[in-house]
Amino acid sequence: PRHQDVTVSRHSESVKKEAITLKKQGRSKMRRKISVLLIHHRNDRFGTLTQILEALSFKVIRARSAMEAEAQLCEMPCPHLVLTDAVLPDGNWMDVLDVAAKVIEPVSVIIVSAMADTTLYLDTMDHGAFDFMTDSFTVPQIVHILKCAIDDVSRRRGSRLHVAAISHA
């Protein structure tokens, strides 16, 4: 809907400024490159997330469908995080969770929805998503979710990804 596009556009400049500030303050320094698979087919909605991920120096991998995502998740090394649109051209968030559950290395999957939907949130969490976010989340909220997801996947992989440098100023 048009209202959502307007909201994203209106906040785009402030998000860009916050992301640049994060980078300038050195909060994105990490010893090992963290990879994130973004699954979406609507570039306008994922622009904010892309800016934040790039400002944090994450390696961003893209897929436009559940089928492309499956191919990316089977690659080694497997991405650490997956951020997927709730609705995809060839499926939905459930398909992504099914594939993520079968990969060799653990991944943390975050579902991204255009709007808040309590039923959808509960369904995604019941099916194994790490978290759920909407387009209206702020940069500090998104950074907090990413840090928690990285901490989770690091623990489950038995590795030490250095994410302590990400702060929530």
Side-chain angles (χ1 to χ4, degrees), residues 15 18-19 21-23 25-41 45-88 90-113 120-135 137-169:
V15 166
E18 287 184 63
T21 301
L22 280 174
K23 195 169 190 171
Q25 292 174 346
R27 294 182 179 154
S28 62
K29 292 179 183 174
M30 294 177 214
R31 295 184 185 146
R32 190 180 305 172
K33 193 82 161 182
I34 294 169
S35 58
V36 180
L37 175 59
L38 279 182
I39 311 166
H40 63 93
H41 64 286
R45 285 199 42 240
F46 276 67
T48 299
L49 281 174
T50 301
Q51 289 173 0
I52 293 168
L53 294 169
E54 288 172 353
L56 293 170
S57 300
F58 290 0
K59 177 183 177 188
V60 178
I61 306 161
R62 291 177 174 77
R64 297 184 58 79
S65 66
M67 188 185 316
E68 284 181 26
E70 183 173 6
Q72 292 289 346
L73 284 167
C74 292
E75 294 280 322
M76 290 303 288
C78 186
H80 298 92
L81 306 179
V82 175
L83 280 78
T84 182
D85 201 342
V87 179
L88 299 167
D90 61 346
N92 63 26
W93 58 271
M94 270 187 170
D95 300 310
V96 175
L97 285 175
D98 288 346
V99 171
K102 296 174 188 169
V103 297
I104 294 172
E105 294 181 297
V107 297
S108 291
V109 180
I110 300 167
I111 311 302
V112 183
S113 177
L120 178 60
Y121 165 75
L122 293 172
D123 285 347
T124 62
M125 300 308 284
D126 284 346
H127 283 86
F130 176 78
D131 211 337
F132 179 91
M133 70 173 77
T134 68
D135 290 349
F137 277 33
T138 64
V139 172
Q141 289 171 322
I142 294 169
V143 170
H144 175 74
I145 290 169
L146 293 172
K147 182 184 182 323
C148 291
I150 293 164
D151 288 345
D152 174 69
V153 78
S154 177
R155 179 188 51 76
R156 292 189 296 135
R157 287 187 182 190
S159 63
R160 304 202 92 177
L161 296 172
H162 298 280
V163 296
I166 299 176
S167 69
H168 310 289

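- Side-chain contact between Leu146 and Leu53: present, with at least one pair of heavy atoms (C-beta onward) separated by less than 4.5 Å.
- In this structure, Lys102 does not pair ionically with Asp98, as no charged nitrogen and carboxylate oxygen lie closer than 4.0 Å.
- Checked against salt bridge (charged side-chain N to carboxylate O under 4.0 Å, His left out), Asp152 has the following partners two or more places apart in sequence or in another chain: Arg155, Arg156.
- Looking at Met133 and Gln141, their side chains never come closer than 4.5 Å, going by heavy atoms from C-beta outward.
- With sequence neighbours left out, the side-chain hydrogen bond (donor to acceptor under 3.5 Å, both in side chains) criterion links Thr50 to no other residue.
- Interatomic distance, CD1 of Ile142 versus OG1 of Thr134, reported as 8.5 Å (0.5 Å rounding).
- Other residues, nucleotides and ligands place no more than 12 heavy atoms under 6.0 Å from the CE atom of Met67.
- Of all heavy-atom pairs spanning Glu54 and Arg62, the tightest one is OE2-NH2, 3.6 Å.
- With rounding to the nearest 0.5 Å, the separation of CH2 in Trp93 from OG1 in Thr84 is 10.5 Å.
- With sequence neighbours excluded, the residues that form a side-chain contact (heavy atoms from CB on, under 4.5 Å) with Asp85 are His40, His41, Arg42, Arg45, Phe46, Leu88.
- Every residue two or more places apart in sequence or in another chain that forms a side-chain hydrogen bond (donor to acceptor under 3.5 Å, both in side chains) with Ser35 is listed here: His80.
- Annotation for Asp95 and Asn92: closest pair OD2-N, 2.8 Å, computed over non-hydrogen atoms.
- Between the CG atom of Leu83 and the CZ atom of Phe58 there is a distance of 9.5 Å, given to the nearest 0.5 Å.
- The nearest pair of heavy atoms linking Val153 to Ser108 is CB-OG, 3.6 Å.
- Taking CG of Asp123 as the start and CG of Leu97 as the end, the distance is 11.0 Å to the nearest 0.5 Å.
- The side-chain contact (heavy atoms from CB on, under 4.5 Å) check on Glu105 picks up Met76, Pro77, Cys78, Arg157, with sequence neighbours excluded.
- Once rounded to the nearest 0.5 Å, the distance linking OG1 of Thr124 with CE of Met94 reads 9.5 Å.
- Side-chain atoms of Pro79 and Leu73, non-hydrogen and from C-beta on, do get closer than 4.5 Å to each other.
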**Study point:** side-chain contact (heavy atoms from CB on, under 4.5 Å) evaluation trace for Leu120 with Ser113
**Key:** CA-CA 9 Å; Leu120 178 60; Ser113 177; 3.8 Å; yes
Exercise for review: Please step through side-chain contact (heavy atoms from CB on, under 4.5 Å) for the pair Val82 and Ile110, ending with a clear verdict.
Suggested key: CA-CA 6 Å; Val82 175; Ile110 300 167; over 6 Å; no
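- Under the 4.5 Å side-chain criterion, counting only non-hydrogen atoms from C-beta, Phe137 is not in contact with Thr48.
- The distance from the CD1 atom of Ile52 to the OG1 atom of Thr138 is 8.5 Å, given to the nearest 0.5 Å.
- The side-chain contact (heavy atoms from CB on, under 4.5 Å) test applied to Ala69 returns Leu37, Ile39, Ala63, not counting sequence neighbours.
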